[in-house]
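Down below is the structure, laid out as structure tokens.
All chains are named by letter (A, B, ...) in the order of the sequence lines, taking the proteins before the strands, and each is independently numbered beginning at 1.
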2 protein chains.
Amino acid sequence: MREIRYREIAADLKGRVDAGEFAAGGLLPSEADLTRTYGASRVTIRRALESLREAGLVDSRQGFGWFVAVDRVRQNLAQLSTIERELAERGVTAERQILDFGFVTANARVREVLGVEQVLRVRRLNLAGGVPFARVTVWCPADLGASLSRADVAAHPFYELLPVTIGGATQTIAAALAEPADAKLLEVPIGSPVLRCERVTRDVDGNPVLLSVHVFPAHLTEFVVDLPSPTGLSLVE
Amino acid sequence: MREIRYREIAADLKGRVDAGEFAAGGLLPSEADLTRTYGASRVTIRRALESLREAGLVDSRQGFGWFVAVDRVRQNLAQLSTIERELAERGVTAERQILDFGFVTANARVREVLGVEQVLRVRRLNLAGGVPFARVTVWCPADLGASLSRADVAAHPFYELLPVTIGGATQTIAAALAEPADAKLLEVPIGSPVLRCERVTRDVDGNPVLLSVHVFPAHLTEFVVDLPSPTGLSLVE
DNA sequence: CAGTGGTCTAGACCACTGG
DNA sequence: CAGTGGTCTAGACCACTGG
């Protein structure tokens, strides 16, 4: 594998930021300084910095400099980046803690969506760097879940484990207040704001194969949607 | 406003792609051709192409070329629907009640986004069938808003009134609790959950022309996002 | 093989920030 | 004002695709 210089520089800078070499909101060395430090051209330095900006780690202002971003976790829907990947780019380890794993009778909503009576239900907590950032419940038809182990669902994204090809998903995003159980798991006060997402995942033939509900504490999470065409702008107007 | 060459080129190429000059999946001219066509350096041409790749319009393969992206994922992703659109489809009348209309000095966030000191600020309440469902504040540069009247912004979506062509927008979606003033306007209890969206709307050259904040009561609103591609499914896993 | 995109250099001019 | 990032040029070498 050829070494890509701007990626090496980006990785090194990320390490320095994560190590706390620069304060949150603090300035990085100037591009000119970095050029000398890394022995690379300014274009290459900027390319590294832009990739870190893309990851939400740093930002810049013309005439001022590059500084450590003090952003929230952003889930950029349109760019299809995963929250875990963004976290990984910041050097934060993602972890799934399984709270509950078992076959149950579907409730009304699950039956309505998946069209079966018996389902595998998995409840879990997603953590990033040891901090809980999502409480998730996933349901899938019992026959599809028959071959899955508790260790499987802890180690892999659910949809990667299913013996079907995923064709798409529909996700709703709503606001709610933290219920006592979720508040405790997510380490936030009861009644604090949360984002609540419900997702229906389908196979390539359009059959629903997963239903999941995700609860995020509001102070850690926001969704980002890019609307590249004017038609998208009718959104809220 | 200075003309940014790579944005001009990107806008022109986007127009040619949208006009069907290149078949879906078809090759674009080579970078070398484009440098001659546009009289720009290869770096600038690539920057324009990269921005179109970012938008999901084109893609490339080394040694092969740039081609029109078959999987227009991002465009599909932008198909967000809202309660208002659904209401509109049911024949419920939408109404804008202007709370405040005036030219003010930009606050820090507005200045950061729009890059100007003087702005037109419009606060309004959106109603559907007489029920308030959104409290909205819109800022736009004073020169762009100079020709707008209070009646204009009550009668039309803001972006339709601007003397610029809209190129896209980026919207963040977050959860919060209703503040007293918003609670009263939206007829919900103080501290009840709300969705809070901030949107930056840009012209075709990528210049920000509108900043807006939208507050929706959670019980009336949810966002729906379709994720047609399997890659999109890694979103929260 | 000729042609393509991916990476990189060493310059340049400019707008902008802060003092 | 000196220093900063934003944009742009005209080169270069390389890995890769297809014929």
Between [atom2] of [N] and [atom1] of [X], the distance in whole Å:
X: A:Leu28; N: D:dG3; atom1: CG; atom2: P; result: 19 Å
X: B:Glu50; N: C:dG6; atom1: CD; atom2: C1'; result: 9 Å
X: B:Arg46; N: D:dC14; atom1: CZ; atom2: C1'; result: 13 Å
X: A:Gln62; N: D:dG5; atom1: CD; atom2: C1'; result: 6 Å
X: A:Leu49; N: D:dT7; atom1: CG; atom2: P; result: 14 Å
X: A:Ile45; N: C:dT7; atom1: CD1; atom2: P; result: 16 Å
X: B:Asp59; N: C:dT4; atom1: CG; atom2: C1'; result: 15 Å
X: A:Ile4; N: D:dA15; atom1: CD1; atom2: P; result: 10 Å

* Asked: At what distance, to the nearest 0.5 angstrom, does CD of B:Glu179 lie from CG of B:Leu185?
  -> 11.0 Å
Residues forming a side chain to side chain contact (heavy atoms under 4.5 Å, CB included) with [X], sequence neighbours excluded:
X: A:Leu161; answer: A:Leu148, A:Asp152, A:Val153, A:His156
X: A:Leu27; answer: A:Phe64, A:Phe67
X: A:Ser192; answer: A:Ala178, A:Val188, A:Pro189

* Asked: According to the interplanar angle, ranging from 0 to 90°, do the rings of B:Phe103 and B:Phe101 count as parallel (below 30°), tilted (30 to 60°) or perpendicular (above 60°)?
  -> perpendicular
Are the side chain of [X] and the backbone of [Y] linked by a donor-acceptor contact shorter than 3.5 Å?
X: A:Arg61; Y: B:Glu112; value: no
X: B:Arg150; Y: B:Ile98; value: yes
X: B:Arg111; Y: B:Ala106; value: yes

* Asked: Do B:Gln118 and B:Thr105 have side-chain N/O donor and acceptor atoms under 3.5 Å apart?
  -> yes
* Residues two or more places apart in sequence or in another chain: which of them pass side chain to side chain donor-acceptor pair (under 3.5 Å) with A:Glu50? -> A:Arg46, A:Arg53
* Asked: Between D:dG6, C:dG5, D:dC8, which one does the side chain of A:Glu31 approach most closely?
  -> D:dG6
Quick one: is [X] getting a side-chain N or O under 4.0 Å of the [N] phosphate, OP1 or OP2?
X: A:Ser60; N: D:dG6; result: yes
X: B:Ser30; N: C:dG3; result: no
X: B:Arg53; N: C:dG6; result: yes
X: B:Arg47; N: D:dC8; result: no

* **Those residues of residues 33-44 of chain A lying under 4.0 Å from DNA chain C by at least one heavy atom** => A:Gly39, A:Ala40, A:Ser41, A:Arg42, A:Val43, A:Thr44
* To do: Find the runs of at least 3 consecutive base pairs, i with j, i+1 with j-1 and so on, that include DNA chain C, using Watson-Crick or G-U wobble geometry with both distances under 3.5 Å.
  => C:3-16 with D:3-16
* On DNA chain C, check which nucleotide each of A:Arg5 and A:Gly63 is closest to and give me the residue with the more 5' one. => A:Arg5
* Structure fact -> Assert: residue with more 5' nearest nucleotide on DNA chain C, out of B:Arg61 and A:Tyr6, is B:Arg61
